[in-house]
Amino acid sequence: MSETADRVKKIVVEHLGVEADKVTEDASFIDDLGADSLDIVELVMAFEEEFGVEIPDDAAEKITTVKDAITYIDEHKG
Amino acid sequence: MFDLTGMTALVTGASGGIGSAIARGLAARGARLAVSGSNAEKLTRFRKELGGEHVAVPCDLSNPVAVDQLVPAAVAALGGRLDILVNNAGVTRDNLAMRMKDEEWAEVIRINLEAAFRLVRAAAKPMMKARFGRVISITSVVGQTGNPGQANYAASKAGLVGMSKALAQELASRNITVNCVAPGFIRSAMTEALPEAQKAALLTRIPAGDLGTGEDIAAAVVYLASREAGYVTGQTLSVNGGMAMI
């Protein structure tokens with residue numbers, strides 16, 4: 001597992017208060033992890049802070065699964 | 001009760017009549033302020049008068065780019081946190097609707113309503129992170145009752161109420177409250193300038209028999225900003241001497 005994936009999953013576990021083993025790469029934030037739209041906004045803010053990337057709104061809207069987040073961050077972090 | 005020690009606040013329109021009373025009220029309760037206004041000179045003078053460790057962050061609220069920079073600038077100046085946002089700044093461009101110019105309509109909406117939205121949108125970020133926030137917008141009795149010659153102003157002030165109710169629902173789970181204070185007629189340069197006959201006629205509509213003061217509004221803002229008001233959200237607190245009971 002990549003370093004990005006580990007850090008993303010850690011943030012998801014902390015923010016959504018879910019069990020670590022539920023945070024698989026295919027897990028959907030809303031459907032599988034019980035997030036609401038405000039949680040997603042907060043997760044995106046937390047990713048931005050953790051990785052020093054800027055995730056614009058149109059990109060943030062496409063991030064629906066854990067894998068989406070990892071992929072976006074890997075492609076855009078410095 | 002209502003101690004704001006350790007909290008930070010951004011107040012727009014802070015060098016004006018009601019705005020300066022609000023700023024003094026929050027500062028007196030221990031909050032550290034970023035005071036904003038469009039007239040940098042007047043604002044600097046007011047900040048000096050306030051004393052303490054308050055900061056001045058001038059901003060032209062009719063310029064959306066400048067508005068979007070205000071909250072980040074205030075947060076930076078206040079050491080990284082913003083607990084209280086007071087959307088107080090407002091303008092009037094009165095005219096009968098049939099004579100109202102597009103720009104008179106647009107400018108009032110832009111400054112009174114759109115700038116307030118832009119500021120809340122930006123402030124929500126640090127407030128969500130902190131799991132605490134107080135947003136207070138100064139609306140007006142005119143937004144509740146209407147007033148001839150003020151279609152633009154009344155729309156902007158009623159708009160603040162609707163906006164606040166939506167935001168209150170979006171942000172309640174993060175311990176951020178969003179409320180309005182609706183002043184009635186408040187003693188100011190504007191009301192002092194009214195002809196005596198008009199002033200007398202105005203007073204007949206106010207059960208309290210007198211105009212309000214900036215301090216009356218400041219007290220309502222201090223309450224809504226306090227930790228004690230944490231269960232109050234999406235509300236409009238009318239401070240109008242009984243002239244409209246809505």
Side-chain angles (χ1 to χ4, degrees), chain A residues 3-20 22-23 27-66 68-73 75-78, chain B residues 8 10 64-65 67-85 114-135 137 162-179 230-235:
Chain A
E3 189 222 345
T4 305
D6 281 344
R7 285 158 73 193
V8 164
K9 287 180 185 178
K10 188 161 172 273
I11 289 171
V12 173
V13 167
E14 278 171 13
H15 272 260
L16 300 181
V18 289
E19 302 285 333
K22 287 205 174 144
V23 188
S28 152
F29 293 119
I30 290 177
D31 297 334
D32 301 318
L33 302 175
D36 64 18
S37 51
L38 198 58
D39 290 322
I40 306 257
V41 172
E42 281 191 316
L43 279 173
V44 167
M45 274 162 46
F47 295 149
E48 287 180 328
E49 200 158 299
E50 171 79 14
F51 296 99
V53 292
E54 179 135 348
I55 308 178
D57 290 344
D58 53 347
E61 279 164 20
K62 294 192 188 102
I63 296 177
T64 62
T65 66
V66 175
D68 293 337
I70 296 167
T71 307
Y72 185 91
I73 292 161
E75 282 170 5
H76 293 87
K77 73 177 175 185
Chain B
T8 62
L10 168 61
V65 177
V67 175
D68 286 342
Q69 291 164 351
L70 177 56
V71 167
V75 170
L78 292 169
R81 58 179 295 165
L82 181 62
D83 301 292
I84 305 161
L85 167 65
E114 187 189 322
F117 170 70
R118 287 176 179 277
L119 295 178
V120 188
R121 184 172 62 184
K125 205 168 177 176
M127 288 177 178
M128 268 171 71
K129 273 190 198 158
R131 288 286 190 273
F132 182 88
R134 298 281 184 264
V135 178
S137 296
M163 178 186 86
S164 298
K165 289 177 179 177
L167 288 165
Q169 293 180 44
E170 288 185 20
L171 299 170
S173 65
R174 302 308 192 263
N175 201 20
I176 300 168
T177 67
V178 187
N179 292 290
Y231 202 54
V232 178
T233 194
Q235 303 302 311

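Letters A, B, ... are given to chains in the order of the sequence lines, protein chains preceding strands, and every chain is numbered from 1. It should be emphasised that the depicted structure is a prediction, and the values quoted were computed from it without experimental measurement.
- Every residue meeting the ring-ring contact (aromatic ring centres under 6.0 Å, His included) condition with A:Tyr72, not counting sequence neighbours, appears here in chain and number order: A:His76.
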Could you work out all donor-acceptor pairs shorter than 3.5 Å where one atom is in chain A and the other in chain B?
{"unit_1": "A:Asp39", "atom_1": "OD1", "unit_2": "B:Arg174", "atom_2": "NH2", "d": "2.6"}
{"unit_1": "A:Glu42", "atom_1": "OE1", "unit_2": "B:Arg131", "atom_2": "NH2", "d": "3.4"}
{"unit_1": "A:Glu42", "atom_1": "OE1", "unit_2": "B:Arg174", "atom_2": "NE", "d": "2.9"}
{"unit_1": "A:Glu42", "atom_1": "OE1", "unit_2": "B:Arg174", "atom_2": "NH2", "d": "3.0"}
{"unit_1": "A:Glu42", "atom_1": "OE2", "unit_2": "B:Arg131", "atom_2": "NH1", "d": "2.4"}
{"unit_1": "A:Glu42", "atom_1": "OE2", "unit_2": "B:Arg174", "atom_2": "NE", "d": "3.2"}
{"unit_1": "A:Glu49", "atom_1": "OE1", "unit_2": "B:Lys129", "atom_2": "NZ", "d": "2.5"}

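- For A:Ala69, the side-chain contact (heavy atoms from CB on, under 4.5 Å) partners at least two apart in sequence or on another chain are A:Val8, A:Phe29, A:Phe47, A:Ile63.
- A:Thr71 pairs by the side chain to side chain donor-acceptor pair (under 3.5 Å) definition with nothing, not counting sequence neighbours.
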